[in-house]
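Residue numbers run from 1 in the order of the sequence given. A quick note: this is a predicted structure, and the numbers were derived from the prediction, not measured. Every number for a ligand or one of its atoms is a count from 1 in the order of the listing.
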Amino acid sequence: MDFRLSDQQAAIETSVRQVCGRFDDAYWSDCDEQGRFPHEFHGAMAEGGWLGITMPEEFGGAGLGVTEAAIMMNAVTSSGGGYSAASALHLNMFGPHAVVVHGTKEQKQRWLPPLAVGAEKACFGVTEPDAGLDTTSITTTATRVPGGYRVNGRKLWTSTGQVAHKILLLTRTTPKEECRKPSAGMTLFYTELDRSKVEVRRIRKMGRNAVDSNAVFIDDLFIPEEDRVGEEGRGFVYLLDSLNPERILVASEAIGLGRDALARAAAYARERIVFGRPIGQNQGVQHPLAENWTALEAAWWQCLRAGWLYDQGLPCGAEANAAKFLSARAAFDTCTRAVLTHGGMGYAREYQVERFFRESILLRIAPITEQLILSFIAERVLDLPKSY
Ligand SMILES: Cc1cc2nc3c(=O)[nH]c(=O)nc-3n(C[C@H](O)[C@H](O)[C@H](O)COP(=O)(O)OP(=O)(O)OC[C@H]3O[C@@H](n4cnc5c(N)ncnc54)[C@H](O)[C@@H]3O)c2cc1C
């Protein structure tokens with residue numbers, strides 16, 4: 001066993017931090033307050049060649065593993081941009097994973113290079129208002145027509161829909177009642193976000209405001225056959241392939257967010273003098289921060305272990321889910337504690353920790369909630385009966 005980062009992994013961390021260092025707190029505060037997509041940051045990361053880190057080299061990527069992507073995204077979120085910075089990038093990284101695994105060579109050639117160089121952005125249209133976490137109950141329907149499909153339906157929470165050029169869209173091609181099993185009869189597309197047929201309405205929300213989330217209304221959208229990913233009816237299976245890498249990346253992002261909040265809280269606790277001594281000299285202030293550190297470290301090693309398993313081609317569902325669960329909790333607890341450590345100033349925008357706090361609760365909700373993770377572990381690891 002060797003727990004050190006390789007030279008290449010350490011270099012990834014350093015180089016990503018260098019790019020992120022060009023964007024200061026004022027930049028991220030402004031993006032958050034204006035609800036403005038961080039195009040300059042996205043462009044700088046694209047220029048540095050980071051967006052295609054896990055894409056195959058022949059399509060403009062770096063061909064590295066999920067472990068390297070996790071190290072990269074941890075560096076991104078711990079450098080001041082928080083979860084907004086991560087979200088500006090990660091939909092383009094794990095979103096097209098189904099394309100990388102199941103797309104044809106022609107599709108990969110058409111779709112991946114523009115994502116890798118930052119010329120195009122993709123959004124992810126899975127969640128629906130009436131289905132929620134019960135994804136097989138989606139009702140957005142793709143009906144066969146000459147040359148392709150006509151699609152009608154609604155999606156909810158589709159992030160980056162305001163700036164995206166493409167959408168990865170999960171649809172039903174056969175009604176659930178007519179399928180052998182609920183997960184059959186669903187078809188995945190990666191296609192143009194044609195705004196003449198798709199209305200993208202922004203949702204006002206608590207945090208991560210630099211990256212928009214939307215209600216999406218799809219009205220008679222034509223999708224050519226060549227934009228279907230894999231076989232008709234197998235879309236849900238393809239989507240499952242991207243779930244573990246997504247969980248691992250989100251986990252690494254949560255830990256980065258927590259680490260930044262913790263560093264700021266510790267710095268404040270060293271400097272703020274009350275009752276004639278630094279507040280961090282009080283055990284009531286320092287112990288909770290020390291506890292946050294232990295939780296973040298434990299979650300980080302679970303995350304790297306899950307990444308390593310995935311990159312070795314070994315099963316990693318339980319580990320990836322556990323990493324997401326532990327890191328989201330650790331990030332939320334740490335960001336909460338960072339606000340409390342700053343006292344009244346924790347509530348002021350100037351100290352940034354309130355921005356991290358608002359972002360951190362999202363990690364417990366999306367892309368998967370804690371309850372569903374625990375149900376997965378209960379069924380798959382502990383062999384308990386399925387509860388839903
Ligand atoms: C800011 C933001 C960005 C997002 N971006 C995207 C995106 O880009 N693309 C996309 O497709 N989706 C996106 N989502 C959607 C996100 O993945 C879902 O919100 C999340 O999966 C939860 O689904 P839901 O909101 O429908 O909750 P619901 O399914 O309505 O669940 C509500 C609550 O009930 C609990 N619950 C439900 N069923 C059970 C059960 N059987 N047992 C125990 N508890 C249960 C849930 O855990 C949850 O706590 C985003 C969400 C947010 C908030």
Side-chain angles (χ1 to χ4, degrees), residues 31-32 35 37 82-98 121-140 153-172 182 186 188-190 193 198 200-218 235-236 238-240 242-243 246-247 249-251 253-254 257 321 324-325 328-329 331-332 355-380 384-388:
C31 289
D32 185 63
F37 188 86
Y83 199 40
S84 285
S87 301
L89 311 177
H90 73 183
L91 288 166
N92 300 300
M93 294 167 60
F94 68 73
H97 191 76
K121 299 186 187 75
C123 61
F124 196 64
V126 174
T127 305
E128 292 193 8
D130 297 328
L133 286 158
D134 182 11
T135 307
T136 65
S137 293
I138 62 163
T139 52
T140 293
R154 281 182 67 183
K155 294 286 170 186
L156 195 63
W157 287 115
T158 314
S159 296
T160 72
Q162 297 291 331
V163 292
H165 306 83
K166 292 279 201 311
I167 184 165
L168 188 82
L169 190 63
L170 187 69
T171 64
R172 268 237 164 256
M186 298 165 90
L188 195 62
F189 297 96
Y190 184 77
L193 186 55
V198 182
V200 184
R201 207 181 290 164
R202 190 164 185 158
I203 300 171
R204 296 179 66 225
K205 59 185 180 357
M206 183 197 294
R208 206 201 62 175
N209 286 320
V211 175
D212 57 89
S213 296
N214 304 278
V216 172
F217 303 82
I218 306 168
F236 191 72
Y238 302 149
L239 204 65
L240 289 183
S242 61
L243 293 188
E246 180 191 45
R247 305 254 194 285
L249 286 198
V250 170
E253 292 161 11
L257 182 71
N321 275 285
K324 156 71 172 70
F325 180 90
R329 280 258 174 116
F332 177 74
R355 171 163 61 88
F356 299 160
F357 168 73
R358 285 185 282 114
E359 292 186 338
S360 68
I361 194 165
L362 174 58
L363 289 152
R364 297 180 65 180
I365 301 170
I368 183 80
T369 62
E370 293 180 350
Q371 290 93 333
L372 269 272
I373 287 181
L374 294 177
S375 291
F376 176 91
I377 291 173
E379 285 162 35
R380 306 293 177 93
L384 293 170
K386 193 175 166 78
S387 60
Y388 55 92

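The closest donor-acceptor contact from the side chain of D212 to the backbone of Q162 lies under 3.5 Å. A donor-acceptor pair under 3.5 Å is formed between the side chain of R358 and the backbone N or O of M206. In this structure, the side chain of S242 does not engage the main chain of L240 through any donor-acceptor pair within 3.5 Å.
Listed by atom number, the atoms of ligand 1 under 4.0 Å from Y388 heavy atoms are 41 (N). Near P367, meaning under 4.0 Å from any of its heavy atoms, are these atoms of ligand 1: 17 (O), 21 (O). Less than 4.0 angstrom separates some heavy atom of G132 from each of these atoms of ligand 1: 26 (O), 29 (O). Ligand 1 places these atoms under 4.0 Å from at least one heavy atom of I365: 20 (C). Atoms of ligand 1 lying under 4.0 Å from any heavy atom of L362, numbered from 1 in the order shown and given with element: 1 (C), 2 (C), 52 (C), 53 (C). Each of the following atoms of ligand 1 lies closer than 4.0 Å to a heavy atom of V126: 11 (O).
Nearest non-hydrogen protein atom to atom 18 (C) of ligand 1 is T127 OG1, 4.2 Å. In terms of protein heavy atoms, atom 42 (N) of ligand 1 is closest to L372 CD2, 4.4 Å. In terms of protein heavy-atom proximity, atom 3 (C) of ligand 1 is closest to S159 OG, 3.3 Å. Shortest contact from atom 9 (N) of ligand 1 to any protein heavy atom: F124 O, 2.7 Å. Among all protein heavy atoms, the one lying closest to atom 50 (C) of ligand 1 is W157 CB, 3.3 Å. Annotation: atom 48 (C) of ligand 1 to nearest protein heavy atom, T369 CG2, 3.9 Å.
Salt-bridge annotation for K324 and E246: absent, with no side-chain N of the basic residue lying under 4.0 Å from a carboxylate O of the acidic one. Residues D130 and R154 are not paired through a salt bridge, judged by the lack of any N-O separation under 4.0 Å between the basic side chain and the carboxylate. A salt bridge links K155 with E128: the distance from a Lys NZ or Arg NE/NH1/NH2 to an Asp or Glu carboxylate oxygen falls below 4.0 Å.
Within the 4.0 Å cut-off (strictly below), a protein heavy atom is located near atom 53 (C) of ligand 1. Within a 4.0 Å radius of atom 14 (N) of ligand 1, the protein contributes one or more non-hydrogen atoms. At least one protein heavy atom sits closer than 4.0 Å to atom 23 (O) of ligand 1.
Note on ligand 1: S375 sits outside its first shell, no heavy atom being nearer than 4.0 Å.
Residue T158 has no nitrogen or oxygen atom sitting less than 3.5 Å from a nitrogen or oxygen atom of ligand 1, judged on distance alone. Below 3.5 Å of separation, one finds no N or O of K205 facing any N or O of ligand 1.
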For this session: Test side chain to side chain contact (heavy atoms under 4.5 Å, CB included) on T369 and R364 and set out the steps.
Result: CA-CA 6 Å; T369 62; R364 297 180 65 180; over 6 Å; no
Problem set entry | side-chain hydrogen bond (donor to acceptor under 3.5 Å, both in side chains) assessment of R201 paired with N214 | CA-CA 5 Å; R201 207 181 290 164; N214 304 278; over 6 Å; no
Exercise. Does the side-chain hydrogen bond (donor to acceptor under 3.5 Å, both in side chains) test come out yes or no for T140 and T171, once each step is laid out?
Worked result: CA-CA 5 Å; T140 293; T171 64; over 6 Å; no
Problem set entry | Trace of the side-chain hydrogen bond (donor to acceptor under 3.5 Å, both in side chains) decision for R208 with S84 | CA-CA 5 Å; R208 206 201 62 175; S84 285; 5.7 Å; no
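Of all the heavy atoms of S213, the ones lying under 4.0 Å from any atom of ligand 1 belong exclusively to the side chain. Under 4.0 Å from ligand 1, heavy atoms of L133 appear from its side chain as well as its backbone. Neither the backbone nor the side chain of D134 has any atom closer than 4.0 Å to an atom of ligand 1 (non-hydrogen atoms only).
With rounding to the nearest 0.5 angstrom, the CG atom of L168 is 11.5 Å from the CG atom of N92. Residue L156 holds its CG atom at 7.0 Å from OG1 of T127, rounded to the nearest 0.5 Å.
When M206, K155, Q371 are checked for heavy-atom proximity to atom 49 (O) of ligand 1, Q371 turns out nearest.
Around CZ of R380, the count of heavy atoms belonging to other residues, nucleotides or ligands within 6.0 Å does not exceed 12.
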